[in-house]
Q: 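Here's a structure for you.
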Amino acid sequence: MLKTLSALQSLNTKSFYLLLLIVVNVGSAEAELSSESSWYQIEYIIFQHLKTDAHVLRYEDTPYPKNNTKDYSYLTNNPTPISANQYTRLSLSSMKLADAVKHLKRRRDIKLLDYAAWVQPLIANTTPPPLKISYEINEKTSLFGELQIKRSRFTHAEFELFMADRVYFKHRNIKNWLLSAQPMFSVVNILSPIQQPLALNESNELAEVFFNIHYLRESRRIKQDEIHYLDHPVLGVIVTISPVEAPAYSEANQVINFNVPQ
C-alpha cells in the first residue's frame, strides 16, 4: 500500500486524489446498506491545499458564520462517554483511512488539519445531532463547522465547514459603541479594513469577528464502505462510512470496546 501511494507522488493533484480513493478503498462494495445494521464506523480527513489559487473563489457566495445554539454531538477520548451525544475517538491504527492520513502528512502541498474516526448508531429516517468540528490551525485561524450524518436507504454525510481568520472587538455591536462614553475605536477604526488581531482582555463584551472566510458545504450519499472526496480550491475532505457490529456494553450502559487514540 505505502509503495503504491509513494508512486503517486509525481501525479498532479486531481489525478492523485482520484487514484488515492481507488487505492485506499480496497474491498469496497456497491451493496445497499443492510436495514438490520444500525451501527457504523464513520471517518473523515480534512486538509488544506497550500498551493492553490484562492482567487477563483472571488465569485463564491460565502455566508458569514452564525452562532448556532442547536444541540451537537462531540468526540471524546474517554472510552466510556458520559453522554448519549458523545462518541469515543478511535485510534489511527483502527482507521480505514490510516494510510491516507499518513500519506497526506508527508505531502508538502497539503496541510493536514483534522481527522477522526468513531462508531455510532444510526436509526433509519431519524436525524441525530450533527457532530461539532472545531480545530485551531494557529493563533488566528480556525477550522470549524459540523458534520451531519443520517440514514435512510443509504447513509448520507453533509459537511458545513468554515476556515477563517478572526479578530476581537470590545463591543458586540455598533449600538454599544455609540453609547460608550470612551469608545475603544474611532469612526476611522470602524470603517477601516482590519489590519491585525487585537489583544484580548478580561472584558465579557468582546465580539469575535471573522474575515478571510473559506466555506465548504457539500452532501454525499454514501453506500457501504465507499470513500468520497469532497473537492474545494482551499479545503479537501475525505469521508467514509461502514456498517459494523454493535459494540458491547457495560452494566452502566456505556460502550466498553473502543480503542482510545495513542
Side-chain angles (χ1 to χ4, degrees), residues 25 28-46 61-90 94-97 113-135 142-164 213-232 235-249 253-255 257-258:
N25 194 17
S28 173
E30 295 292 335
E32 181 178 329
L33 292 178
S34 170
S35 60
E36 298 179 358
S37 178
S38 60
W39 285 81
Y40 300 87
Q41 180 164 323
I42 304 165
E43 304 180 16
Y44 70 77
I45 305 172
I46 304 174
D61 183 13
T62 302
Y64 191 81
K66 297 179 180 179
N67 291 324
N68 291 317
T69 57
K70 57 186 175 183
D71 292 333
Y72 283 103
S73 298
Y74 299 89
L75 298 181
T76 176
N77 291 336
N78 187 347
T80 56
I82 62 175
S83 166
N85 288 343
Q86 288 185 344
Y87 305 111
T88 300
R89 284 181 179 270
L90 301 180
S94 300
M95 291 183 64
K96 298 178 182 293
L97 299 178
L113 301 181
D114 188 25
Y115 62 90
W118 69 98
V119 172
Q120 77 172 82
L122 294 174
I123 301 173
N125 302 315
T126 300
T127 303
L131 180 77
K132 183 74 171 179
I133 295 176
S134 180
Y135 181 83
S142 299
L143 170 75
F144 54 95
E146 63 183 52
L147 166 58
Q148 178 68 70
I149 301 291
K150 58 184 178 180
R151 173 178 173 242
S152 53
R153 183 181 179 188
F154 302 103
T155 54
H156 297 257
E158 180 177 357
F159 282 87
E160 183 174 26
L161 298 174
F162 294 88
M163 187 177 76
I213 301 171
H214 298 295
Y215 179 69
L216 180 152
R217 182 170 186 174
E218 192 165 344
S219 178
R220 292 290 179 88
R221 183 186 70 177
I222 302 179
K223 297 180 182 179
Q224 179 174 320
D225 293 324
E226 282 185 340
I227 298 175
H228 286 250
Y229 169 54
L230 283 60
D231 194 15
H232 184 273
L235 295 171
V237 178
I238 299 175
V239 59
T240 185
I241 302 176
S242 306
V244 296
E245 293 183 1
Y249 283 85
N253 200 35
Q254 300 291 346
V255 177
N257 68 340
F258 288 132

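Residues take their numbers from the sequence shown, with the count starting at 1.
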Q: To the closest 0.5 Å, what do you measure between OG (Ser219) and NE2 (His156)?
A: 7.0 Å

Q: Counting only heavy atoms not in Lys66, do more than 12 sit closer than 6.0 Å to its NZ atom?
A: no

Q: Is Lys132 close enough and on-axis enough to Tyr74, meaning under 6.0 Å and within 45°, for cation-pi?
A: no

Q: Hey, what do you get for CG (Leu131) to CD (Gln86), rounding to the nearest 0.5 Å?
A: 11.5 Å

Q: When you compare the side chain of Tyr215 with that of Pro63, does any pair of heavy atoms fall below 4.5 Å?
A: yes

Q: How far apart are the closest heavy atoms of Asp71 and Pro130, and which atoms are they?
A: O-CD, 3.6 Å

Q: Going by salt bridge (Lys or Arg N to Asp or Glu O under 4.0 Å), name the residues that satisfy it together with Arg217, two or more places apart in sequence or in a different chain.
A: Glu158, Glu160

Q: Where do Ile133 and Tyr44 land on the side chain to side chain contact (heavy atoms under 4.5 Å, CB included) test, with the steps shown first?
A: CA-CA 11 Å; Ile133 295 176; Tyr44 70 77; 4.0 Å; yes

Q: Can a side-chain donor-acceptor contact be found between Asn125 and Ser152 if the only test is distance below 3.5 angstrom?
A: no

Q: Looking at OG of Ser94 and CD of Gln41, how far apart are the two atoms once the value is rounded to the nearest 0.5 Å?
A: 7.0 Å

Q: Is there a donor in the side chain of Arg220 and an acceptor in the side chain of His228, or the other way round, less than 3.5 Å apart?
A: yes

Q: Is the shortest side-chain heavy-atom distance between Glu43 and Tyr115 below 4.5 Å?
A: no

Q: Show, in sequence, the C-alpha distance, side-chain angles and deciding distance for Leu216 and Ile46, and conclude whether the side chain to side chain contact (heavy atoms under 4.5 Å, CB included) test is met.
A: CA-CA 11 Å; Leu216 180 152; Ile46 304 174; over 6 Å; no

Q: Looking only at non-hydrogen atoms, find the nearest pair between Lys96 and Ser242 and report the distance.
A: CE-OG, 3.1 Å

Q: Taking C-beta and beyond as the side chain, do Pro121 and Tyr87 meet within less than 4.5 Å on heavy atoms?
A: yes

Q: Indicate whether any N or O donor in one side chain lies under 3.5 Å from an N or O acceptor in the other, for Asn78 and Thr80.
A: yes

Q: Measure the CD1-CD1 distance between Ile238 and Ile45 for me, rounded to the nearest 0.5 Å.
A: 4.5 Å

Q: Do Tyr229 and Ile227 make a side-chain contact, defined as non-hydrogen atoms from C-beta onward lying under 4.5 Å apart?
A: no

Q: CD of Glu218 to CG of Leu235: how many Å apart, nearest 0.5 Å?
A: 11.5 Å

Q: Do Ser73 and Gln120 have side chains that get closer than 4.5 Å, going by heavy atoms?
A: no

Q: Within the side chain of Thr155, is there an N or O that forms a donor-acceptor pair under 3.5 Å with the backbone of Ile222?
A: yes

Q: Side-chain contact, heavy-atom cut-off 4.5 Å: Ser134 with Leu143?
A: no

Q: Got a donor-acceptor contact below 3.5 angstrom from the Thr88 side chain to the Asn77 backbone?
A: no

Q: Can you name the nearest heavy-atom pair linking Leu113 to Tyr135, along with the distance?
A: O-CZ, 2.7 Å

Q: Quick one: list whatever passes side chain to side chain donor-acceptor pair (under 3.5 Å) with Asn68, sequence neighbours left out.
A: Tyr72

Q: Going by ring pair (Phe, Tyr, Trp, His ring centres under 6.0 Å), name the residues that satisfy it together with Phe144, two or more places apart in sequence or in a different chain.
A: Phe162, Phe210

Q: Begin with the C-alpha distance, continue with both residues' side-chain angles, and end with the deciding distance and a verdict on side chain to side chain contact (heavy atoms under 4.5 Å, CB included) for Met163 and Ser142.
A: CA-CA 6 Å; Met163 187 177 76; Ser142 299; over 6 Å; no

Q: Using a 4.5 Å cut-off on heavy atoms from C-beta on, say whether the side chain of Glu146 contacts that of Phe159.
A: no

Q: Compare all side-chain heavy atoms of Ile241 with those of Phe154 and state whether any distance is below 4.5 angstrom.
A: no

